[in-house]
Each structure stands twice: as C-alpha cells, then as structure tokens.
Amino acid sequence: MTIAQELSGLQASAKVVLYVLDASPIGGEVLRFHNGTNQLNQPVVWQGQTYQPFPIEAEGFEVRTQGPAARPKIRVADRFGLISVLLMQFGNLEGALLIRKVTHARFLDAVNFPGGVNPEANPDEAYPDDTWVVDRVSRDDATVIEWELASPLDLEGMTVPGRRCDQLVCSWRYRSADCGYTGGPVAKADDTPTADPGQDECSQLISGCKIRFGKLLPFGAFPGIGLNRQT
C-alpha cells in the first residue's frame, strides 16, 4: 500500500509525526523525538532511527500560499532539565534545524509491532520532510520551553541560491560529489587532451564539462543569467 492509497481508503491508519532536532550546524548533536510510544510501549523506530518519547506540542505548520511566511511554534516539557542544558550549551539552540517527518502508523518499521512483524512496513512511504530553523525562544518558564521556527529562506541575510551566480566558471571542485565525474583522465586545464592522471584538470568552463560528460552537463555555473529576453 502507498500513502496515496492510504489517504483514499476508508480506514486510514493514524498519522505519525516525528521530530529531528539537528544541532550539528551549531556544534551540537542530532536528537530524535516523538510525542508517544509504539504498540510495545517503546520508542518509535522509523527508517531504522529511534525516536525517544518526549512531551511535544506543535502548531503553525500549515502551508500558506498568501500572506506572510509561516512561523511555526514547537513546545516541549523540560523533562529532567535536558532542554535547559542544551539551551545553555548552544545559545538557545538558535540556528539548529528542526525537521518534521510524517508518515502513517501502518508503514512503521516492523520492530514497533508485536513479534517484530509488520508486512506493510515501508520506509519509503512518507510525506516530504519539512525543515525549519530554530529562530528564537518565545517562552521559557519552569515547565515549558517554546521555540519559534522560521523557514531557511526567511532569515535575515539569507540569499537564494546560497552561492555565487557565475555565468561562465563552474564553482564545483573537479571530481567532487557535486561535479560527479569519476572517469579516467581526459584533459588539462586548457582543455587539451591528456592521459596522464597528474595533468588531468578541469578548465572549470563549459567546454571542460562537455569533454567529460557529452550533452548532459552537471555544470556548476549559470550560463543563462547573461541572456536578455526580447519581447
């Protein structure tokens, strides 16, 4: 069964919402939470990852097509002072990523079910991840801590795309994951042929990309930005 079939059925299983707090951008760790447990009264396991039970409330994640960008809020009970420690260590967690994952109960890993059996377990059946940035603490008292979240594109100083738009020169390092070329030596930096691995170097121009890839180019520049549209 797929999510599309799940939604069109008469007996859809419950939605399961899970949260990943990724503090690695600010020097912290990755924590996974869910506001509940599985059928075995144990932490929920999804896509092989364990989500610890933690009191969480969230609001404002609706999709908007008009008006100001959404600013969701997420509230947690500060059990055992864990969150307070994180706030002190990492500057209120501002700049950390909050990833919201949603699936349906029937697709959860088999380990969540009695006997470790779930014939409908499918880690690929999920809604697209929803990624936000922790912008500020909007409430902090003895029982609850609340953050206001922002879209990564809604933060001051953020630009799209997040790198320089160069028309002619590729910004990707030759043979990097972005470049994607893994073949043998082809040409020197001036695009003259070579079979010597020590001299193999990309010119970073579209000509160098064509030598290696042919017609389908993963070129890391923006040739079209210099074109003027005539009307």
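All values below come from the heavy atoms of this structure, side chains included, with hydrogens, waters and symmetry mates left out.
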Any chance you could measure Trp132, atom CH2, to Leu97, atom CG, to the nearest 0.5 Å? 12.5 Å
Do Val102 and Val16 have side-chain heavy atoms sitting under 4.5 Å apart? no
Determine whether Pro55 and Val76 make a side-chain contact, defined as any pair of heavy atoms from C-beta on separated by less than 4.5 Å. no
Verdict with supporting geometry, Leu149 and Lys73, side-chain contact (heavy atoms from CB on, under 4.5 Å): CA-CA 6 Å; Leu149 309 177; Lys73 291 182 178 180; over 6 Å; no
With distance as the sole test, does Asn112 use its side chain to make a donor-acceptor pair with the main-chain N or O of Val45 at under 3.5 Å? yes
Are the charged groups of Arg212 and Asp200 less than 4.0 angstrom apart, N to O? yes
Look at the side-chain heavy atoms of Ile, Leu, Val, Met, Phe, Trp and Tyr, link any pair under 4.5 Å apart, and say whether Ile56 and Val30 land in one connected group. yes
Closest heavy-atom pair and its distance - Asp22, Pro25: O-CD, 3.4 Å
Rounded to the nearest 0.5 angstrom, the CG-CD1 distance for Asn92 and Ile145 is 8.5 Å
Closest heavy-atom pair, Ala195 versus Pro197, reported as atoms and distance to 0.1 Å, is O-CD, 3.4 Å
Which distance, rounded to the nearest 0.5 Å, do you find between the CG of Asp130 and the CG of Leu98? 9.0 Å
Which heavy atom in Gly95 sits nearest to a heavy atom in Val133, and how many Å separate them? CA-CG1, 4.0 Å
Spatial distance of atom CG (Leu31) from atom CD (Gln52) [nearest 0.5 Å]: 9.5 Å
Does any pair with a residue in residues 95-110 pass salt bridge (charged side-chain N to carboxylate O under 4.0 Å, His left out), and if so which ones, sequence neighbours excluded? Glu6-Arg106, Lys101-Asp129, Arg106-Glu120
Look up atom CG in Leu108 and atom CG in Asn38, then write down how far apart they are to the nearest 0.5 Å. 8.0 Å
Can you tell me if His34 uses its side chain to pair, donor with acceptor, with the backbone of Val17 under 3.5 Å? yes
Min side-chain heavy-atom separation Thr37-Val44 under 4.5 Å: no
Heavy-atom side-chain contact between Asp135 and Arg71 under 4.5 Å: yes
pair Thr194-Val186: side-chain heavy atoms closer than 4.5 Å: no
Should Leu93 and Trp147 count as side-chain neighbours, where that means a heavy-atom distance under 4.5 Å? yes
Suppose the criterion is ring-ring contact (aromatic ring centres under 6.0 Å, His included): which pairs have a residue in residues 93-125, not counting sequence neighbours? His104-Tyr127
Can you tell me which residue pairs pass the salt bridge (charged side-chain N to carboxylate O under 4.0 Å, His left out) test with a partner in residues 49-59, sequence neighbours excluded? Glu57-Arg75, Glu59-Arg75
Check whether any side-chain heavy atom of Val20 lies under 4.5 Å from a side-chain heavy atom of Tyr51, and answer yes or no. yes
Can Lys188 and Asp196 be counted as an ion pair, charged N to O under 4.0 angstrom? no
Return yes if a side-chain donor-acceptor contact under 3.5 Å exists between Glu146 and Ser138, otherwise no. yes
Considering non-hydrogen atoms only, spot the tightest contact between Ile26 and Ala96 and give its length. CD1-CB, 4.0 Å
Taking every heavy atom of Ala77 against every heavy atom of Phe54, the minimum-distance pair comes out as O-CE2, 3.2 Å
Measure across Ala105 and Ser13 and return the closest heavy-atom pair with its distance rounded to 0.1 Å. N-OG, 3.5 Å
Do Ile74 and Pro72 have side chains that get closer than 4.5 Å, going by heavy atoms? no
When rounded to the nearest 0.5 angstrom, what is the spacing between OH in Tyr181 and CD1 in Ile211? 10.0 Å
Distance-only, no hydrogens or angles: does the Arg175 side chain make a donor-acceptor pair with backbone N or O of Glu201 under 3.5 Å? no
